[in-house]
Amino acid sequence: MKLFEYQAKETFRKFGIETPAGVLIKNAEELSDAMAKTSFPIVLKSQLLMGGRGKKGLIRLVSDEAQARKECGELFDSEYNVRKILVEQAVDIKTELYLSITVDPVEAKHMIIACGDGGVEIETLAVESPERIIREYVDPDRGLMPFQIKNVGFSLGLEGDLLKKFSAVLANLYKAFVSSDAELIEINPLFITGDGNIIAGDGKLSIDDNSDFRQPSYGKTRDYYDSDAEYEASLEGIPYLQFDGDISLMCAGAGLTTTVYDLINYEGGTVANYLEFGGPNYKKAVRAMELCLKNDSKVILVVTFGTIARADVMAEGIVDAISRLKPDRPIVTCIRGTNEEDASRILKEAGLVPLYDTEEAVRKAVAIAKGEKP
Amino acid sequence: MSIFIDETTKVLIQGITGKEGSFWTNHMIGCGTNVVAGVTPGKEGQQVEGRDVYHSVRRAVDKVEVEASMLFVPPRFTKDAVFEALDGGIKKIVTVADGIPLHDAVQIRKAAMSEGAMVIGGNTSGVISPGRAMMGFFPYWIERVYKQGRIGVMTRSGSLTNEVTAMVVKAGFGVSSLIGIGGDPVPGTRFAEMLPLYEADDQTDAVVIIGELGGTMEEECAEMKGLGIFTKPLVAFLGGRTAPEGKRMGHAGAIVSGGKGSVKDKIKAIESVGGKVAERPRFVGDYLKELLGDRVR
Ligand SMILES: Nc1ncnc2c1ncn2[C@@H]1O[C@H](COP(=O)(O)OP(=O)(O)OP(=O)(O)O)[C@@H](O)[C@H]1O
Ligand SMILES: [Mg+2]
């Protein structure tokens, strides 16, 4: 789960990393209170999960009240569905650094990435000037050693008091990374201020979903998702992605669903939604179909090839969903795997035509989407 | 000989008395696996499918010889169970758990590397050498998917494996050893680390990798082939060619981010060393025919 900047910064502070003074507001009315608690110039930072907010004009530096009110209104009214703004004291920036920690799946280590050019996109830098990037690999069993912190600090050209302050930031960031079960923790930019302080200017924190059970609950709310449907599906635990094409996918298994998505594109069709109802969800056919029917897709395509997610159970689920929801569009089925003979019989009895070949099913769905009679 | 396991490999089942554990123990034996004992803390003295159950791995390995361990253990206890197996001196471990915490997965792989052990998974269906043995859950009774033969298969996906393997069989081939690496971002063992085993296996003529967007495992295979460490024909099927950047397609490992992990890059890497990349599952069979001709399958 990706957290918002203001949440990442809460975590930073909890671990002793300084952030600019700031107030989170949920509407334009709350701006007065926020301005009372800060002093100009301030920065209005739209709280969105997508990257590149600065480039999209969603981060605004303002120097007086009138400008603040005007730009705050613009941000809340923008096309980007801004629901929260972090009102922050502007910092007197001398230098911007980059600092992050993630895991390296090959070495099975934690990987610190640092760079003297903060604020820029690190991926771009990695391609254009890879020699500027500093990497330090941490053995998860030993933890981050003091010599490694110094390695990073010296490579960044820091010394004296700044090196000391930076060392504390990195040590604390590493603690936050481990205790948050983070996939990624990133400070970009990390400000070095005119008066010699080190402050986290931005924050990204992405928490591993498999570790939810041992992490504080952040509560799933609509603002974490790009669409209502994706939010609704997530509450059901159904993997779902919203697109705007003609064919609703109701498939089982990540790999197979992704492949069906590709095949539809090859055949000149378009996908309305990606939906998986395999694995632990293989009895959720009714909810899954309901989600598909909310799209204005022209056909629903069911493709499965399950072992534990038995074919006969999935076929029964489809038949049950059809009788309850009375879908207004055709359903193409290709259900295989454990007990597939029973599945075919169940589908036939319900008046459906069971197909056995994924490509054939995809072609059929694409043809229907283009107007052919089912 | 097949790779990882065959019908002689002495297999321990951790979590043998659970619902899944006992159900699949029955099938593993049915498929030919040499299951020698099981472990469930607190259940010593019981039997499952005629095999003795012990309180702990240590107590089991004191009594019977064990070469490999199959874990039917929930994700949050998997790290402990893997470490217990390693402590018992077991060098081949398969975990099917879906939902292992990321930081646990890092420590699991780290431990396996330093002990010279191989941990397969998690988030996989496991390992199967059709007609010989399996550790995990595969519908081995579906002949059109799990027919014995001479093609090695490695995969990051469960559902897609059935789909692609069915095409391999349809083209007249069969499977020697199938290794489910799993769909997690930090699998215990990576594709490329299996290639030397397939290279040495006289029952494998070619290897099919079933990969997808995200990560660099497919590129690492290309590197092995480029270095000449792996010389047999290599065919890949990769899901997510048309996936939009930044969207996570199903598996946690399946995302293109920061311009890395795209299927396009993977195709380039594999083709540059003479490997073939099938655009559709069906083409995997066609490429195998092209590369192997009329050789025994
Ligand atoms: N409190 C602040 N004081 C002064 N300048 C700031 C402050 N916060 C942000 N900035 C300036 O705005 C730039 C962009 O801010 P930030 O890094 O938070 O957003 P971003 O990187 O564009 O967005 P994203 O992280 O979504 O890609 C910073 O590099 C910095 O120069
Ligand atoms: Mg930033």
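The chains referred to below are lettered A, B, ... by the order of the sequence lines, with proteins before strands, and numbering in each begins at 1.
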Kindly indicate whether the side chain of [X], heavy atoms from C-beta on, has any atom under 4.5 Å from the side chain of [Y].
| X | Y | value |
| --- | --- | --- |
| A:Tyr261 | B:Pro244 | yes |
| A:Thr258 | B:Leu213 | yes |
| B:Leu160 | A:Phe305 | no |
| A:Pro105 | B:Arg109 | no |
| A:Thr304 | B:Ser159 | no |
| A:Val106 | B:Glu220 | yes |

Over-ring placement of B:Arg280 relative to A:Tyr266, 6.0 Å and 45° cut-offs: no

A:Arg214 and B:Asp104 ion-paired at < 4.0 Å: yes

salt_bridge(A:Arg336, B:Glu163) N-O dist < 4.0 Å: yes

Under 4.5 Å from any heavy atom of chain A - which part of [X]:
| X | value |
| --- | --- |
| B:Ile108 | neither |
| B:Met167 | side chain |
| B:Val145 | side chain |

Under 3.5 Å donor-acceptor, B:Arg241 side chain and A:Asp262 backbone: no

Is [X] close to chain B through its backbone or its side chain, or both, or neither, when contacts mean heavy atoms under 4.5 Å?
| X | answer |
| --- | --- |
| A:Val260 | neither |
| A:Glu359 | side chain |
| A:Asp226 | side chain |
| A:Asn210 | both |
| A:Phe177 | both |
| A:Thr257 | neither |

Contact winner vs chain A - [options], heavy-atom pairs under 4.5 Å:
| options | answer |
| --- | --- |
| B:Phe138, B:Trp141, B:Trp24 | B:Trp24 |
| B:Pro281, B:Pro139, B:Gly158, B:Ser157 | B:Pro139 |
| B:Gln107, B:Glu193, B:Met113, B:Arg282 | B:Arg282 |

Evaluation steps, side-chain contact (heavy atoms from CB on, under 4.5 Å), between B:His103 and A:Asp208: CA-CA 9 Å; B:His103 287 232; A:Asp208 168 42; 5.6 Å; no

Is the count of non-hydrogen atoms from other residues, nucleotides or ligands lying under 6.0 Å from [X] atom [atom1] greater than 12?
| X | atom1 | value |
| --- | --- | --- |
| A:Lys284 | NZ | yes |
| A:Asp244 | CG | no |
| A:Lys2 | NZ | no |

Heavy-atom pair with the smallest gap, counting every atom of B:Val106 and A:Lys109: CG1-N, 4.0 Å

Option in A:Gly253, A:Gly51, A:Ala309, A:Gly306 with maximal non-hydrogen atom pairs under 4.5 Å from chain B: A:Gly253

Partner residues of A:Glu230 under the side chain to side chain donor-acceptor pair (under 3.5 Å) criterion, sequence neighbours left out: none

With B:Leu102, the side chain to side chain contact (heavy atoms under 4.5 Å, CB included) member among A:Asp209, A:Val103, A:Ile207: A:Val103

